[in-house]
Novice: 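Structure provided below as structure tokens; questions to follow.
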Amino acid sequence: MLKLTGNSKFFKAGNSFGLRLTKSDQEILQAKPGDEFEKTISPDGQTITFRKKQTVSSNTQNMIKQLFNENKELMERLKEE
């Protein structure tokens, strides 16, 4: 069974600060060094939510680039509107 609750320690690292994640947290998130997360802080400053940013494969990026290049005139017209 997955443990989805627990504590995390706040720490200082050089000029930055961080929150530690356990190995279990890392496995649940399927996170690896360099992954990016979106951060949302509640208005009262008591809750922080992190959401792992979705990555786009290089194949998809190339397909999008090709579509934009093939439809360059249409993209320019849409940009003007």
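Remember, predicted model here, so these are calculated numbers, not experimental data.
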Novice: Could you give all pairs that pass the side-chain hydrogen bond (donor to acceptor under 3.5 Å, both in side chains) test and reach residues 22-31, with sequence neighbours left out?
Specialist: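 Of all non-adjacent pairs touching residues 22-31, those that pass side-chain hydrogen bond (donor to acceptor under 3.5 Å, both in side chains) are Thr22-Asp25.
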
Novice: Not counting sequence neighbours, which residues clear side-chain contact (heavy atoms from CB on, under 4.5 Å) with Lys32? List them please.
Specialist: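 If we apply the side-chain contact (heavy atoms from CB on, under 4.5 Å) test to Lys32, skipping adjacent residues, the hits are Asp35.
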
Novice: Begin from the C-alpha positions of Lys39 and Ile48 and carry the test side chain to side chain contact (heavy atoms under 4.5 Å, CB included) through to its verdict.
Specialist: CA-CA 7 Å; Lys39 173 182 65 180; Ile48 302 172; 3.9 Å; yes

Novice: Check salt bridge (Lys or Arg N to Asp or Glu O under 4.0 Å) between Glu70 and all other residues, then give those that pass, not counting sequence neighbours.
Specialist: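 None.
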
Novice: What pairs with Lys65 under side-chain contact (heavy atoms from CB on, under 4.5 Å), at least two apart in sequence or on another chain?
Specialist: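 Checked Lys65 against side-chain contact (heavy atoms from CB on, under 4.5 Å); matches are Asn69.
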
Novice: Please name all residues satisfying side-chain hydrogen bond (donor to acceptor under 3.5 Å, both in side chains) with Ser42, sequence neighbours left out, ordered by chain then number.
Specialist: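 Per chain and number, Ser42 pairs via side-chain hydrogen bond (donor to acceptor under 3.5 Å, both in side chains) with Asp44.
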
Novice: Strictly below 4.0 Å, N to O, side chains only: are Lys72 and Glu76 in salt-bridge contact?
Specialist: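 No, Lys72 and Glu76 are not salt-bridged.
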
Novice: In a table with atom names and distances, give each donor-acceptor pair under 3.5 Å that connects a side chain of residues 6-21 to protein atoms at least two apart or in another chain.
Specialist:
from: Ser8; atom 1: OG; to: Arg20; atom 2: N; distance (Å): 3.3
from: Ser8; atom 1: OG; to: Arg20; atom 2: O; distance (Å): 2.2
from: Lys12; atom 1: NZ; to: Gly14; atom 2: O; distance (Å): 2.6

Novice: Glu36: what forms a side-chain contact (heavy atoms from CB on, under 4.5 Å) with it, not counting sequence neighbours?
Specialist: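 Partners of Glu36 by the side-chain contact (heavy atoms from CB on, under 4.5 Å) criterion, ordered by chain and then number, come out as Lys53.
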
Novice: Can you list the residues that meet the side-chain contact (heavy atoms from CB on, under 4.5 Å) rule with Ser57, with sequence neighbours excluded?
Specialist: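 Only Asn59, Thr60 meet the side-chain contact (heavy atoms from CB on, under 4.5 Å) criterion with Ser57.
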
Novice: Test: ring pair (Phe, Tyr, Trp, His ring centres under 6.0 Å). Region: residues 28-74. Which pairs qualify, not counting sequence neighbours?
Specialist: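 Non-adjacent pairs meeting ring pair (Phe, Tyr, Trp, His ring centres under 6.0 Å): zero.
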
Novice: Of all residues at least two apart in sequence or in a different chain, which pass the side-chain hydrogen bond (donor to acceptor under 3.5 Å, both in side chains) check with Gln54?
Specialist: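 Testing Gln54 for side-chain hydrogen bond (donor to acceptor under 3.5 Å, both in side chains), a comparison that skips the adjacent residues, returns none.
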
Novice: Do you know which two heavy atoms are closest between Lys52 and Leu29, and how far apart they sit?
Specialist: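 Heavy atoms only, the tightest pair is NZ-O, 3.2 Å.
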
